[in-house]
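Within every chain, numbering begins at 1; the chains are lettered A, B, ... in the order of the sequence lines, protein sequences first and strands thereafter. As the structure is a prediction and not an experimental result, all values here were calculated from the model.
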Amino acid sequence: MQANQIYRVESECVTRYYVWDAVVRVSHWINVIAVGVLIFTGFYISTPFYRPTADEPFGATVMATMKNLHFLFAIIFTLNGLFRAYWFFAGNTYRQWFRFHIWKADFWKEAWWKLKDYITLRYTDYELHTLGHNTLATLTYVILFLAASVQGLTGFAMAGKINPGGFFDTLFGWVIPLFGGEANVRMIHKIIMWGIIGFMIHHISFVIYLEVFREKGMLSSMITGLKTRPFGWEPVEKPWEKKEK
Amino acid sequence: MQKQETFYEAVRRNGISRRDFLRFCFLTTAYLGLESSMVSKVVRALESKPRPPVFWLNFAACTCCTESLVRSSRPLISDVLLTAISLDYMETIQVAAGHQAEEIVWEGMKKNFGNYILAVEGSVPTKDGGVYCTVGGMTAIEYLKKAAQGAKAIISVGSCSSFGCVTTAYPNPTGAKPIYKIITDKPVVNIPGCPPIAEVIVGTIVHLITFDSLPELDSLKRPKVFYGQRIHDKCYRRAFFDAGMFVEKFDDEGARKGWCLYKVGCRGPVTYNACSIVKWNEGTSFPIQSGHPCLGCSEPDYWDKTPLYQHVADVPLPGFATADEIGKGFAIGVAVATGAHLVASIVKKATQKAKKAEVGEEKKQQKEE
Ligand code: HEM
Ligand code: SF4
Ligand code: SF4
């Protein structure tokens, strides 16, 4: 742990570390709003459940509004994501992109160890040396990032065809033949949305759980930037090599 | 060798007036999306260039493309193609049969080596050496490869020969393949559709004659002028789509009023074709106009995108799952796993606490003793 990056507030029996800087927190909540709107409007585009009471098509623009909103928030989501990708490298050490060493055995050992930890409800007292994301979480977020990228590519490819040869079509038009026609592009866009929903279900309930039952300050860390550890906490390197009682 | 007839000479010989010829030129120029100043270029080309022979091959297909072409009621289109473009070989309509017919093809191809246009209808079965489709004693693969040698360009007419249609649908027992997967060393144009619109077929051929080149193609080898836009983006029911007014089921109030067919499975939003612009049968109507959703017949593998009356297809794993089911399954799976994990953790923590308390109690009791 680099001391200059640690921000400690000692109170009661815990130590707090300043982990998420303001950029990370703001971009996180922008994501929450954007993905929320994208899922809602996406659902409407897919299954238009509400019908305006009008008898004539003029005046009512429900679907058009939903599509425009979807596109607007898609652009917000994408720009936010791109900036966040940059911050992956430029932000503080807790971004820890450099720990994404899939070619090293330790990476997989740590991920496996953490997974077993979760599944068997073991919750050993060994704490990983990480305050940011552990290896398993890093892996999850990288997969999420890839999924979001494919979502963006497929989305912009579909949107681009409104104006063939235009800006978005020139940039993303190649995606459509890649997947063998727009019908498949649409299907993939929808499947990935379900994947993202699955992630969200897990993500939200888990941070609440960690906040309330494990007192790790996971949820509040996205608001205050502070993560909590027990007082006198000692980080452990390679906990999977420790013998368990 | 006798000088080859021009396109114009041929139509005149067949009793078509100059006025009708010019009308054809105007129409086709417009369909090709060219400026009006190009009309004279089209006229001059058709007047002066020798008409290129077209050989039309039928492989694994239902002949609906031929039907579309032959039955096109715009008089000029069929006349022009059948008499003027020198359709030298087309099994469905030619007089010759048997050995005689086969002789005509190979003779004609030899004579016009390097100059003729090959129009192919239908896919080519490749399994078991290609025995599932034979013409004149040759398998379709051999036939196609031989015929393609001297072709200037190959036009894949219809979805079967462009992308695969009913003949290549899952489980595809004959291993049928579209043309561009078999002929890779010649320019191939795809004109998908089941069937494609006659004007689109003719337009592409005229472009070939006039400019001696293929029209601009998109990444799926389709002429951009006809396949550059979605049905949806030129659909006259689009206002109802944008408003959110949908036909819920056939024969309901909305269907009678001509609302958008999205919810009864319209594939217009993912289908690239000219139906909503050129329309069918002398521009009379097209499926959506007569109240039926677009089936996406000009898109790759559209028979496998089932069920057809659903705007996003199921995942192509018949009898297994749909995109929505897979997605929901995943989301529900995560929810259940997360929930179980939560409950288990809470229970574990509670029992641990209880145990600790018990141990404490015991210790207290021991002390008291
Ligand atoms: C990041 C950039 C994104 C872009 C550019 C984008 C773009 C689009 C476009 C243009 C459509 C309309 C397709 C059509 O009607 O032809 C669409 C549909 C849809 N989008 Fe997105 N989208 C993006 C992200 C997302 C995300 C993050 C979600 C949800 C997690 C999502 C969920 C959906 C859904 C469910 C549909 C309806 C698909 C259908 O049933 O046809 N999109 N998107
Ligand atoms: S009927 Fe089909 S093509 Fe026309 S607006 Fe509705 S969804 Fe689009
Ligand atoms: S409307 Fe759709 S299904 Fe019908 S002919 Fe045109 S492309 Fe094919």
Side-chain angles (χ1 to χ4, degrees), chain A residues 44-52 54-67 118-119 121-123 158 161-165 173-174 176-178 180-206 208-209 213-214, chain B residues 163 218-221 224 228-230 232-233 237-246 248 254 257 259-260 262-263 267 269-272 296 299-302 305 311-316 322-335 337-339 341-342 344-349:
Chain A
Y44 185 85
I45 296 170
S46 167
T47 319
F49 45 83
Y50 168 76
R51 186 170 80 65
D55 232 20
E56 307 283 353
F58 34 82
T61 53
V62 184
M63 177 59 97
T65 309
M66 290 292 177
K67 281 196 123 181
Y118 286 141
I119 293 175
L121 309 173
R122 188 169 47 193
Y123 296 115
M158 289 189 282
K161 284 296 177 189
I162 291 166
N163 177 19
W174 54 271
I176 291 176
L178 187 71
E182 197 174 321
N184 293 350
V185 172
R186 220 159 193 254
M187 199 162 73
I188 284 162
H189 198 75
K190 206 165 180 190
I191 292 175
I192 292 181
M193 178 202 68
W194 283 113
I196 291 175
I197 291 179
F199 164 80
M200 281 168 63
I201 293 172
H202 166 265
H203 181 76
I204 294 169
S205 44
F206 213 65
I208 293 174
Y209 165 74
F213 295 100
R214 305 294 304 177
Chain B
F163 297 143
D218 70 5
S219 47
L220 293 173
K221 299 176 192 288
K224 267 189 184 168
Q229 276 186 315
R230 290 179 282 224
H232 184 60
D233 289 326
R237 297 198 186 203
R238 181 61 185 268
F240 292 101
F241 176 89
D242 284 344
M245 297 159 81
F246 300 100
E248 298 289 334
K257 289 184 174 164
W259 292 359
C260 169
Y262 187 61
K263 285 182 90 171
R267 297 263 169 93
V270 292
T271 303
Y272 293 77
E299 286 295 302
D301 301 321
Y302 91 101
K305 300 215 172 16
H311 68 79
V312 179
D314 294 349
V315 172
T322 69
D324 264 6
E325 279 165 16
I326 291 179
K328 269 180 211 154
F330 179 73
I332 291 172
V334 172
T338 312
H341 186 257
L342 253 173
S345 315
I346 295 167
V347 169
K348 186 173 176 187
K349 203 167 182 196

Proximity breakdown for Lys224(B) and chain A, heavy-atom pairs closer than 4.5 Å: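 For Lys224(B), there is no contact with chain A at all, as no heavy atom is under 4.5 Å.
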Any donor-acceptor pair under 3.5 Å from His311(B) side chain to Ser46(A) backbone: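 Pair found, side chain donor or acceptor close to backbone of Ser46(A).
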Stepwise side-chain contact (heavy atoms from CB on, under 4.5 Å) check, Lys305(B) with Asn184(A): CA-CA 9 Å; Lys305(B) 300 215 172 16; Asn184(A) 293 350; 3.0 Å; yes
What heavy-atom pair brings [X] and [Y] nearest, and what distance separates the two atoms?
X         : Y         : answer
Met187(A) : Val312(B) : CA-CG1, 4.0 Å
Gly198(A) : Phe330(B) : CA-CE2, 4.0 Å
Asp233(B) : Ile162(A) : OD2-CA, 3.9 Å
Met63(A)  : Phe246(B) : CE-CZ, 3.7 Å
Pro52(A)  : Ala243(B) : CG-O, 3.2 Å
Lys67(A)  : Phe241(B) : CD-CE2, 4.0 Å

Heavy-atom check, side chain of Tyr262(B) versus side chain of Ile45(A), under 4.5 Å: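 Yes, side chains in contact.
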Side chain to side chain, Glu182(A) and Thr271(B), heavy atoms closer than 4.5 Å: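 Answer no - side chains too far apart.
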Euclidean distance, Ile204(A) CD1 relative to Thr338(B) OG1, rounded to 0.5 Å: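 Atom-to-atom, Thr338(B):OG1 and Ile204(A):CD1 are 10.5 Å apart.
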His341(B) NE2 to His202(A) NE2 distance, which is reported to the nearest 0.5 Å: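 It is 7.5 Å, given to the nearest 0.5 Å.
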Region of Tyr44(A) that comes under 4.5 Å of a non-hydrogen atom in chain B: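 Contact with chain B involves the side chain of Tyr44(A) alone.
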Ile208(A) portion near chain B, given a 4.5 angstrom heavy-atom threshold: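 Interface part for Ile208(A): neither.
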For chain B, the option from Gly181(A), Pro164(A), Pro177(A), Pro48(A) that forms the most heavy-atom pairs under 4.5 Å: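 Of the options given, most contacts go to Pro48(A).
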